Amino acid sequence: MKPLLDVLVILDALDKEGSFAAAAGKLYKTPSALSYTVHKLESDLNITLLDRSGHRATFTPTGHLLLERGREVLHTVRQLEKQAVKLHQGWENELRIGVDDTFPFSLLAPLIEKFFASHSVTRLKFVNGVLGGSWEALTQGRADIIVGALRDPPGLSGFGYAPLGRLESVFVVAAHHALAQAQEPLTRRDIKRHRAVVVGDGYPAWSPAAQVLDEQDAITVFDFKTKLELQISGLGCGYLPRYLVQRFIDAGALVEKRVTPDVATDSVWVGWNEHTEGLASQWWRENILASPEIMALYAPQSHAL
(Lines give C-alpha, C1' and ligand atoms only; values in the text may rest on other atoms or scores of the structure.)
Protein backbone atom coordinates (compact mmCIF):
# COMPACT_ATOMS: atom_id res chain seq x y z
CA MET A 1 0.00 0.00 0.00
CA LYS A 2 2.80 2.44 0.81
CA PRO A 3 4.34 2.36 -2.73
CA LEU A 4 0.89 3.19 -4.10
CA LEU A 5 0.52 6.14 -1.70
CA ASP A 6 3.97 7.34 -2.71
CA VAL A 7 2.95 7.23 -6.37
CA LEU A 8 -0.31 9.08 -5.63
CA VAL A 9 1.71 11.86 -3.99
CA ILE A 10 4.07 11.97 -7.00
CA LEU A 11 1.24 12.06 -9.55
CA ASP A 12 -0.50 14.84 -7.63
CA ALA A 13 2.70 16.91 -7.54
CA LEU A 14 3.49 16.13 -11.19
CA ASP A 15 0.05 17.33 -12.32
CA LYS A 16 0.28 20.52 -10.25
CA GLU A 17 3.91 21.38 -11.04
CA GLY A 18 4.01 20.23 -14.69
CA SER A 19 7.31 18.33 -14.73
CA PHE A 20 9.33 15.75 -12.84
CA ALA A 21 11.94 18.39 -12.05
CA ALA A 22 9.45 20.78 -10.52
CA ALA A 23 7.62 17.98 -8.69
CA ALA A 24 10.95 16.71 -7.32
CA GLY A 25 11.73 20.14 -5.95
CA LYS A 26 8.38 20.30 -4.19
CA LEU A 27 8.82 16.82 -2.69
CA TYR A 28 12.51 17.31 -1.84
CA LYS A 29 13.59 14.32 -3.94
CA THR A 30 15.47 13.82 -7.19
CA PRO A 31 13.62 13.52 -10.52
CA SER A 32 15.13 10.08 -11.06
CA ALA A 33 13.80 8.87 -7.69
CA LEU A 34 10.28 9.98 -8.61
CA SER A 35 10.50 8.42 -12.07
CA TYR A 36 11.75 5.14 -10.61
CA THR A 37 8.91 4.98 -8.04
CA VAL A 38 6.26 5.49 -10.71
CA HIS A 39 7.88 3.04 -13.12
CA LYS A 40 8.15 0.40 -10.35
CA LEU A 41 4.40 0.55 -9.68
CA GLU A 42 3.63 0.40 -13.41
CA SER A 43 5.76 -2.71 -13.68
CA ASP A 44 4.29 -4.36 -10.57
CA LEU A 45 0.68 -3.79 -11.71
CA ASN A 46 1.36 -4.14 -15.44
CA ILE A 47 -0.21 -0.74 -16.20
CA THR A 48 0.92 2.49 -17.85
CA LEU A 49 0.34 5.71 -15.97
CA LEU A 50 2.47 8.10 -18.00
CA ASP A 51 3.12 8.43 -21.70
CA ARG A 52 6.83 9.15 -22.02
CA SER A 53 6.99 9.24 -25.82
CA GLY A 54 7.00 13.04 -26.06
CA HIS A 55 9.26 15.75 -24.75
CA ARG A 56 7.36 15.72 -21.45
CA ALA A 57 5.55 12.83 -19.76
CA THR A 58 1.76 13.04 -19.98
CA PHE A 59 -0.97 11.13 -18.17
CA THR A 60 -2.58 8.13 -19.83
CA PRO A 61 -6.32 7.49 -19.23
CA THR A 62 -5.27 5.07 -16.49
CA GLY A 63 -3.01 7.71 -15.03
CA HIS A 64 -5.82 10.28 -15.06
CA LEU A 65 -8.11 7.82 -13.25
CA LEU A 66 -5.51 7.06 -10.59
CA LEU A 67 -4.81 10.79 -10.18
CA GLU A 68 -8.48 11.69 -9.72
CA ARG A 69 -9.34 8.86 -7.37
CA GLY A 70 -5.98 9.06 -5.69
CA ARG A 71 -6.55 12.66 -4.61
CA GLU A 72 -9.63 11.50 -2.71
CA VAL A 73 -7.50 8.85 -1.01
CA LEU A 74 -4.78 11.36 -0.19
CA HIS A 75 -7.31 13.74 1.33
CA THR A 76 -8.69 10.94 3.50
CA VAL A 77 -5.22 9.85 4.58
CA ARG A 78 -4.17 13.40 5.44
CA GLN A 79 -7.35 13.98 7.42
CA LEU A 80 -6.74 10.71 9.25
CA GLU A 81 -3.21 11.80 10.10
CA LYS A 82 -4.50 15.13 11.46
CA GLN A 83 -7.18 13.36 13.44
CA ALA A 84 -4.68 10.93 14.96
CA VAL A 85 -2.43 13.81 16.02
CA LYS A 86 -5.34 15.79 17.47
CA LEU A 87 -6.67 12.79 19.39
CA HIS A 88 -3.20 12.17 20.79
CA GLN A 89 -3.05 15.82 21.89
CA GLY A 90 -6.37 15.48 23.73
CA TRP A 91 -8.96 16.67 21.20
CA GLU A 92 -12.16 14.62 21.25
CA ASN A 93 -13.24 12.69 18.17
CA GLU A 94 -16.83 13.85 18.83
CA LEU A 95 -18.23 16.49 21.16
CA ARG A 96 -21.90 16.44 22.18
CA ILE A 97 -23.17 19.92 23.05
CA GLY A 98 -26.52 20.24 24.81
CA VAL A 99 -28.40 23.46 24.07
CA ASP A 100 -31.34 24.47 26.23
CA ASP A 101 -34.43 25.43 24.27
CA THR A 102 -34.44 28.89 25.87
CA PHE A 103 -30.99 29.56 24.36
CA PRO A 104 -30.88 31.23 20.89
CA PHE A 105 -28.89 28.75 18.78
CA SER A 106 -27.89 31.53 16.36
CA LEU A 107 -25.43 32.79 18.98
CA LEU A 108 -23.44 29.57 18.56
CA ALA A 109 -23.01 29.95 14.78
CA PRO A 110 -19.93 32.25 15.02
CA LEU A 111 -18.34 29.86 17.50
CA ILE A 112 -19.01 26.87 15.23
CA GLU A 113 -17.30 28.67 12.36
CA LYS A 114 -14.38 29.68 14.57
CA PHE A 115 -14.02 26.15 15.95
CA PHE A 116 -13.97 24.42 12.56
CA ALA A 117 -11.45 26.93 11.22
CA SER A 118 -8.82 25.35 13.48
CA HIS A 119 -10.22 22.11 14.91
CA SER A 120 -12.21 20.42 12.15
CA VAL A 121 -11.21 16.90 13.22
CA THR A 122 -13.66 17.00 16.13
CA ARG A 123 -17.22 16.29 15.02
CA LEU A 124 -19.91 18.35 16.73
CA LYS A 125 -23.26 16.88 17.73
CA PHE A 126 -25.89 19.21 19.17
CA VAL A 127 -28.69 17.87 21.35
CA ASN A 128 -31.73 19.75 22.56
CA GLY A 129 -32.69 20.23 26.19
CA VAL A 130 -35.88 21.70 27.57
CA LEU A 131 -35.84 23.33 31.02
CA GLY A 132 -34.59 20.74 33.54
CA GLY A 133 -33.85 18.28 30.72
CA SER A 134 -30.61 20.10 29.94
CA TRP A 135 -29.07 19.04 33.24
CA GLU A 136 -30.33 15.50 32.68
CA ALA A 137 -28.64 15.39 29.27
CA LEU A 138 -25.34 16.18 31.01
CA THR A 139 -25.65 14.00 34.11
CA GLN A 140 -27.04 11.03 32.14
CA GLY A 141 -24.23 11.17 29.58
CA ARG A 142 -26.15 12.36 26.51
CA ALA A 143 -24.11 15.59 26.37
CA ASP A 144 -20.50 16.42 27.22
CA ILE A 145 -21.20 20.12 27.75
CA ILE A 146 -24.43 22.11 28.03
CA VAL A 147 -25.21 25.78 27.49
CA GLY A 148 -28.18 27.78 28.70
CA ALA A 149 -29.30 25.31 31.39
CA LEU A 150 -31.81 26.84 33.81
CA ARG A 151 -31.87 26.64 37.61
CA ASP A 152 -28.94 25.83 39.88
CA PRO A 153 -26.88 22.77 38.88
CA PRO A 154 -27.41 19.41 40.59
CA GLY A 155 -25.10 18.64 43.49
CA LEU A 156 -23.16 15.84 41.81
CA SER A 157 -19.39 15.36 41.78
CA GLY A 158 -17.57 15.05 38.48
CA PHE A 159 -19.35 17.98 36.81
CA GLY A 160 -18.18 21.55 36.45
CA TYR A 161 -20.39 24.63 36.27
CA ALA A 162 -20.06 28.31 35.43
CA PRO A 163 -22.86 30.91 35.59
CA LEU A 164 -23.90 32.81 32.47
CA GLY A 165 -26.18 35.16 34.40
CA ARG A 166 -29.95 35.35 34.66
CA LEU A 167 -32.55 34.96 31.94
CA GLU A 168 -35.38 37.46 32.11
CA SER A 169 -38.83 36.09 31.32
CA VAL A 170 -42.04 38.04 30.98
CA PHE A 171 -45.71 37.09 31.20
CA VAL A 172 -47.31 37.90 27.85
CA VAL A 173 -50.66 37.48 26.12
CA ALA A 174 -51.89 38.29 22.64
CA ALA A 175 -53.25 41.79 22.12
CA HIS A 176 -56.75 40.33 21.65
CA HIS A 177 -56.52 37.98 24.67
CA ALA A 178 -58.95 38.58 27.55
CA LEU A 179 -56.06 39.32 29.93
CA ALA A 180 -54.61 42.02 27.69
CA GLN A 181 -56.88 44.67 29.19
CA ALA A 182 -56.98 43.22 32.72
CA GLN A 183 -55.92 45.40 35.63
CA GLU A 184 -52.35 44.93 36.83
CA PRO A 185 -50.70 43.32 38.58
CA LEU A 186 -52.32 40.03 37.64
CA THR A 187 -52.85 37.57 40.47
CA ARG A 188 -52.69 33.79 40.44
CA ARG A 189 -56.46 33.72 40.53
CA ASP A 190 -56.67 35.99 37.47
CA ILE A 191 -54.29 33.80 35.47
CA LYS A 192 -55.81 30.46 36.46
CA ARG A 193 -59.06 31.39 34.79
CA HIS A 194 -57.28 31.19 31.41
CA ARG A 195 -55.46 28.48 29.48
CA ALA A 196 -51.67 28.40 29.71
CA VAL A 197 -49.12 27.25 27.15
CA VAL A 198 -46.26 25.27 28.66
CA VAL A 199 -43.20 23.52 27.27
CA GLY A 200 -42.38 19.85 27.83
CA ASP A 201 -43.99 18.54 31.00
CA GLY A 202 -44.80 22.06 32.12
CA TYR A 203 -42.75 24.26 34.39
CA PRO A 204 -40.66 22.14 36.80
CA ALA A 205 -41.48 22.38 40.48
CA TRP A 206 -38.33 24.47 41.08
CA SER A 207 -39.46 27.15 38.62
CA PRO A 208 -41.09 30.26 40.15
CA ALA A 209 -43.51 30.25 37.20
CA ALA A 210 -44.87 26.91 38.42
CA GLN A 211 -46.24 28.71 41.47
CA VAL A 212 -48.38 30.84 39.18
CA LEU A 213 -49.37 28.32 36.51
CA ASP A 214 -49.90 25.14 38.55
CA GLU A 215 -53.31 23.40 38.50
CA GLN A 216 -54.28 25.31 35.36
CA ASP A 217 -55.77 24.24 32.04
CA ALA A 218 -52.82 24.09 29.66
CA ILE A 219 -51.59 23.22 26.19
CA THR A 220 -48.25 21.38 26.33
CA VAL A 221 -45.84 21.93 23.43
CA PHE A 222 -42.33 20.75 22.61
CA ASP A 223 -40.37 24.01 22.31
CA PHE A 224 -40.51 27.73 23.04
CA LYS A 225 -40.89 28.71 19.38
CA THR A 226 -44.18 26.80 19.23
CA LYS A 227 -45.22 28.26 22.59
CA LEU A 228 -44.58 31.74 21.22
CA GLU A 229 -46.68 31.08 18.12
CA LEU A 230 -49.63 29.82 20.19
CA GLN A 231 -49.50 32.77 22.53
CA ILE A 232 -49.39 35.23 19.64
CA SER A 233 -52.47 33.50 18.24
CA GLY A 234 -54.24 34.03 21.57
CA LEU A 235 -54.65 30.32 22.37
CA GLY A 236 -52.99 30.63 25.75
CA CYS A 237 -50.86 32.70 28.11
CA GLY A 238 -47.58 32.23 29.91
CA TYR A 239 -43.97 33.24 30.45
CA LEU A 240 -41.46 33.58 27.60
CA PRO A 241 -37.82 34.83 27.50
CA ARG A 242 -37.78 38.57 26.97
CA TYR A 243 -35.23 38.40 24.15
CA LEU A 244 -37.66 36.14 22.27
CA VAL A 245 -40.76 38.32 22.66
CA GLN A 246 -39.58 41.92 22.91
CA ARG A 247 -40.00 42.66 19.21
CA PHE A 248 -43.55 41.29 19.30
CA ILE A 249 -44.30 43.45 22.34
CA ASP A 250 -42.90 46.48 20.51
CA ALA A 251 -45.01 45.63 17.45
CA GLY A 252 -48.16 45.27 19.54
CA ALA A 253 -48.75 41.59 18.79
CA LEU A 254 -48.12 40.69 22.44
CA VAL A 255 -48.87 42.56 25.65
CA GLU A 256 -46.57 42.29 28.66
CA LYS A 257 -48.42 42.00 31.99
CA ARG A 258 -47.08 42.47 35.49
CA VAL A 259 -47.76 39.52 37.76
CA THR A 260 -47.69 39.12 41.52
CA PRO A 261 -45.58 37.52 42.83
CA ASP A 262 -42.80 38.60 40.46
CA VAL A 263 -41.07 35.66 38.69
CA ALA A 264 -38.89 37.64 36.33
CA THR A 265 -35.60 35.72 36.14
CA ASP A 266 -33.98 32.28 36.26
CA SER A 267 -30.28 31.50 36.76
CA VAL A 268 -28.55 30.22 33.63
CA TRP A 269 -25.45 28.03 33.45
CA VAL A 270 -22.83 26.29 31.38
CA GLY A 271 -22.06 22.78 32.63
CA TRP A 272 -19.57 20.11 31.57
CA ASN A 273 -18.47 16.59 32.43
CA GLU A 274 -15.09 16.82 34.12
CA HIS A 275 -14.38 13.09 33.69
CA THR A 276 -14.67 13.18 29.88
CA GLU A 277 -13.53 16.75 29.23
CA GLY A 278 -10.94 17.12 26.50
CA LEU A 279 -9.54 20.10 24.65
CA ALA A 280 -12.66 20.55 22.50
CA SER A 281 -14.94 20.73 25.51
CA GLN A 282 -12.54 23.15 27.18
CA TRP A 283 -12.44 25.29 24.01
CA TRP A 284 -16.22 25.53 23.88
CA ARG A 285 -16.54 26.32 27.58
CA GLU A 286 -13.99 29.12 27.38
CA ASN A 287 -15.38 30.63 24.17
CA ILE A 288 -18.99 30.52 25.36
CA LEU A 289 -18.04 32.37 28.53
CA ALA A 290 -15.94 34.85 26.53
CA SER A 291 -18.67 35.63 23.99
CA PRO A 292 -19.93 39.21 24.47
CA GLU A 293 -23.13 38.39 22.54
CA ILE A 294 -23.96 35.48 24.85
CA MET A 295 -23.10 37.38 28.00
CA ALA A 296 -25.19 40.36 26.85
CA LEU A 297 -28.22 38.07 26.58
CA TYR A 298 -28.07 37.38 30.30
CA ALA A 299 -26.98 40.84 31.42
CA PRO A 300 -29.36 42.98 33.52
CA GLN A 301 -30.03 45.19 30.51
CA SER A 302 -31.28 42.21 28.45
CA HIS A 303 -34.75 43.77 28.32
CA ALA A 304 -33.37 46.19 25.75
CA LEU A 305 -32.59 43.44 23.25
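The structure displayed is predicted, hence computed values, not measured ones. The figures that follow rest on heavy atoms only: side chains count, while hydrogens, waters and symmetry mates do not.
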ask   = Given the rule in the side chain to side chain donor-acceptor pair (under 3.5 Å) test, do D152 and S267 qualify, once you have shown the distances and angles that lead to the verdict?
value = CA-CA 7 Å; D152 292 339; S267 59; 3.2 Å; yes
How close do [X] and [Y] get, heavy atom to heavy atom, and via which atoms?
X	Y	result
A143	G98	CB-N, 3.8 Å
E42	L49	OE2-N, 2.6 Å
V38	V7	CA-CG2, 4.2 Å
F103	G148	CD1-CA, 4.3 Å
V173	C237	CG1-CB, 3.5 Å
P153	W135	CB-CH2, 3.4 Å

What's the separation between atom [atom1] in [X] and atom [atom2] in [Y], rounded to the nearest 0.5 Å?
X	Y	atom1	atom2	result
H39	D44	NE2	CG	9.5 Å
L108	I288	CG	CD1	6.0 Å
R69	L74	CZ	CG	14.0 Å
D190	R188	CG	CZ	12.5 Å
L240	F224	CG	CZ	7.0 Å
K257	L179	NZ	CG	7.5 Å

For a 4.5 angstrom cut-off between non-hydrogen side-chain atoms, does [X] reach [Y]?
X	Y	answer
F59	L66	no
K125	L95	no
F248	V172	no
I112	F116	yes
E92	D144	no
L14	L50	yes
T102	D266	no
P104	L297	yes

inquiry  = Between I219 and V198, is the side-chain contact (heavy atoms from CB on, under 4.5 Å) condition met? List the steps.
reply    = CA-CA 6 Å; I219 302 174; V198 297; over 6 Å; no
Are [X] and [Y] linked, directly or through other ILVMFWY residues, by side chains that come within less than 4.5 angstrom of each other?
X	Y	value
L167	I249	yes
V221	L235	yes
L45	V73	yes
L65	I10	no
V127	F222	no

request  = Salt-bridge test for K227 and D101: reply yes if a basic N is under 4.0 Å from a carboxylate O, no otherwise.
outcome  =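 D101 and K227: not salt-bridged.
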Take atom [atom1] of [X] as the centre, draw a 6.0 Å sphere, and report whether it contains more than 12 heavy atoms from other residues, nucleotides or ligands.
X	atom1	answer
R195	CZ	no
Q183	CD	no
E113	CD	no
E184	CD	yes

Return yes if some donor-acceptor pair links the side-chain N/O of [X] with the main-chain N/O of [Y] below 3.5 Å, else return no.
X	Y	value
R96	G141	yes
H176	S233	yes
T60	T48	yes

query = With S134, which of N128, D100, T139 fulfils side-chain hydrogen bond (donor to acceptor under 3.5 Å, both in side chains)?
reply =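 It is D100; the other options fail the test.
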task = Determine the interplanar angle of the W283 and F115 rings, folded into 0 to 90°, and report it as parallel if under 30°, tilted if 30 to 60°, perpendicular if over 60°.
result =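 The arrangement is perpendicular - the two ring planes meet at more than 60°.
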ask   = Once the angle between the rings of W269 and Y161 is folded into 0 to 90°, is it parallel (under 30°), tilted (30 to 60°) or perpendicular (over 60°)?
value =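 W269 vs Y161 ring planes: perpendicular.
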request  = Would you please test L41 and D6 for side-chain contact (heavy atoms from CB on, under 4.5 Å) and show each step?
outcome  = CA-CA 10 Å; L41 183 68; D6 290 340; over 6 Å; no
All N/O donor-acceptor pairs, side-chain side in residues 23-36, below 3.5 Å, sequence neighbours left out:
from: T30; atom 1: OG1; to: S32; atom 2: OG; distance (Å): 3.2
from: T30; atom 1: OG1; to: A33; atom 2: N; distance (Å): 3.2

